[in-house]
Amino acid sequence: MLELVIISTLNGVLYGMLLFLMASGLTLIFSMMGVLNFAHASFYMLGAFFGYQISKFTGFWIGLVAAPVVVGGIGALVERYGLRNVHRHGHVPELLFTFGLAYVIEEVVQMVWGKLPVDYRVPAVLDFPAFTVFGTNYPAYKLFMLAISVAIFLALLAVLTRTRVGLIIQAALTHPNMVAMLGHDVPKVFMLVFGVGTGLAAVAGVIAGPALVTQANMAGLLGPILFVVVVVGGLGSLTGAFAASLLIGLVQTFAISLDVSVASVFRAVGIDATPSEGVLGDLWNVTIAQVGPIIPYLLLVLVLIARPTGLLGNREA
Amino acid sequence: MSAALAMPAAAAATAPALLEVEDLHAYYGKSHILQGVSFRVGAGEIVSILGRNGVGRSTTLKAIMGDVPPRGQIRFKGQAIAGLKPYAVARRGLGYVPEERAIFPKLTVRQNLALGEKGGRRGGRWSYADIFRLFPRLEERIDTPGGVLSGGEQQMLTICRTLMGDPDLIMIDEPTEGLSPQMVARVAEMIGEIAARGVSVLLVEQKLTIALKLSQRLYVMGHGQVVFEGTPAALSADEAVRREWLEV
Ligand SMILES: Nc1ncnc2c1ncn2[C@@H]1O[C@H](COP(=O)(O)OP(=O)(O)O)[C@@H](O)[C@H]1O
Ligand SMILES: [Mg+2]
């Protein structure tokens, strides 16, 4: 049991930090532009595929740096020549634009790399067990992922709170017009934030790609969870996004590793009153691991009922 | 520059214009708010725009900043600025203090002031020391979030924030609104100090007494147009204008 707690906590925090790599950019973009970027997870996927492609020629490490830069550049161009033009027509067209973009990216990825998973591997230098708890090996690559996401988290925090650009971003979150009228080129700052935000998503993709499966459906799998994170955390709140990322990372990881059902709990305390037939019987025997994928959405619904602004948000979701 | 301040009002009116607005129109959706506004502000002048609520004074300032799309001519230091983006207008040396103050509430006083600086431009008219000498309260509260300051302190902070960008002309929208008489006096003093450093001031006001005392020239607006233009003495003498366009 202790083994399970330790391993699941590590995995949960790791998953949470990866989520935050994406949720932070999504949150900043939402706060500044008021638009939920439905294509955010697609930039994560692009990160993984670009990382894979670049690593084929140059090895993993150059891919790790180059893929986010390229994806961030694409993100900045999308903001400059796409979103900014659509912005004039209001939020609904903007939302539809990002929706369409997500489909375009998915189709393009399928055209170039096909529907099957590509062979994106953990680099050899990191392909060893870092330590062993209770006979379970914990891969060094996972620790590396954790280190990268924590480092980026700290860097992001430092930039936002310690630098002039960070100050301009913080002020533009609440008063973009006023910031512009003090002489700051706010549209350029928007482009920068969009570029960095999508670049961070790509970092998550590059480092997650070898650990998970790099496949054309990976944006579709992750996107919904990402929205749960930013809504549960409170749209526009970075602290909220951080808390919700960790929460959902941990909850999902633990849920998957808990092979418990109502029936098994009853059996454990010596009761064997299983209603074997019908819906009730099915519910009785369903394990937490089986409902694991639903748990984030359940959390979303519950949080929205109790606190429509999300855990730490202050605007209506 | 300070010589301009010493000029009598009549001479100031013929001083080279820093800001010239000609036949300015502005719309909110289909409503035609500004219907041909024309005025000018000379170098070193304090000029006030008066008028009842809703006549379009704030819209005039916003149109000059490019925050509301302007139609007509706006020249600043002899160059056309209509159609420029707000940040570009600000970088030309036009400072703006909005009516709603727009303090960045979660940022400290220091950070608010830092955001007024335009970056890459040092050695302007105003240093932090100047600001703190004018208004010591800001130094005491330097690490306090702007949002918890009193209304008067926030007003001072917004004016100082804009000054940090070293504008050649500062447009201040109803700075004394909702302030105590004591704070009103401080604001008036501050505006005098700004002009004394050779910065022109375009003041939008409700309080006739302040405007009469501070300004070299005044404009009165009504229904999106300028309905009076003249010196404080001329406005004081013109009871008809005051009754029709100013008194409530
Ligand atoms: N954002 C806006 N949208 C629509 N109408 C507005 C807006 N702001 C101001 N108005 C209208 O424009 C007119 C002029 O407003 P304003 O310039 O704020 O007047 P003043 O500053 O002289 O009190 C008013 O009738 C006001 O109702
Ligand atoms: Mg007004």
Side-chain angles (χ1 to χ4, degrees), chain A residues 27-28 30-34 79-81 83-85 87-90 156-193 233-242 309 312-315, chain B residues 58 61-69 81 84-121 124 145-147 154 157-168 170-173:
Chain A
T27 297
L28 279 179
F30 174 79
S31 308
M32 292 196 107
M33 308 177 198
E79 195 284 330
R80 176 65 184 82
Y81 297 101
L83 266 186
R84 197 179 297 183
N85 290 324
H87 184 77
R88 282 195 269 282
H89 307 291
L156 189 66
L157 206 65
V159 167
L160 278 179
T161 56
R162 299 282 149 84
T163 68
R164 195 172 162 75
V165 167
L167 208 58
I168 293 172
I169 293 172
Q170 283 190 62
L173 292 181
T174 52
H175 297 83
N177 282 6
M178 189 64 231
V179 174
M181 288 189 289
L182 289 171
H184 306 294
D185 189 348
V186 173
K188 202 158 92 190
V189 173
F190 279 14
M191 187 171 96
L192 180 81
V193 167
L235 277 171
S237 162
L238 263 187
T239 337
F242 183 64
T309 56
L312 291 166
N314 43 21
R315 68 173 96 195
Chain B
S58 299
L61 301 193
K62 286 178 186 161
I64 294 170
M65 285 309 293
D67 194 33
V68 169
I81 58 165
L84 291 185
K85 298 234 164 60
Y87 81 88
V89 174
R91 285 185 185 176
R92 300 269 173 118
L94 244 172
Y96 171 57
V97 180
E99 194 171 5
E100 66 279 4
R101 291 169 194 163
I103 284 288
F104 308 126
K106 288 185 186 158
L107 302 184
T108 63
V109 168
R110 189 197 306 276
Q111 291 173 321
N112 268 276
L113 289 173
L115 279 165
E117 293 176 47
K118 294 201 180 93
R121 267 220 318 189
Q154 289 195 356
L157 178 56
T158 42
I159 295 175
C160 292
R161 181 177 65 183
T162 299
L163 289 178
M164 293 312 290
D166 196 23
D168 300 307
I170 185 168
M171 307 193 287
I172 314 180
D173 198 347

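Letters A, B, ... mirror the listed sequences (proteins, then strands); counts begin at 1.
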Legend entry - Engaged part of A:Asp185 at the chain B interface, taking heavy atoms whose separation is under 4.5 Å: both

Legend entry - Where A:His184 and B:Leu115 come nearest, the two heavy atoms and their spacing: NE2-O, 2.7 Å

Inset, instruction - To the nearest 0.5 Å, tell me how far A:Met178 CE sits from B:Thr162 OG1. - result: 5.0 Å

Inset, instruction - Check whether any side-chain heavy atom of A:Val179 sits under 4.5 Å from a side-chain heavy atom of B:Phe104, and report yes or no. - result: yes

Legend entry - Options B:Asn112, B:Ile103, B:Leu94, ranked by heavy-atom pairs under 4.5 Å with chain A, top entry: B:Ile103

Inset, instruction - State the CG-CZ distance between A:Leu167 and B:Arg110, to the nearest 0.5 angstrom. - result: 11.5 Å

Legend entry - Note, B:Lys106 side chain near A:Thr174 side chain (heavy atom, < 4.5 Å): no

Legend entry - Value rounded to 0.5 Å, distance of CG in B:Leu107 from OG1 in A:Thr161: 11.0 Å

Inset, instruction - Please confirm whether the backbone N or O of A:Leu182 pairs with a side-chain atom of B:Arg161, one donor and one acceptor, at under 3.5 Å? - result: no

Inset, instruction - Output the option from B:Pro86, B:Ala102, B:Pro105, B:Gly116 having the highest count of non-hydrogen pairs under 4.5 Å with chain A. - result: B:Ala102

Legend entry - Any side-chain heavy-atom pair of A:Val186 and B:Lys85 under 4.5 Å: no

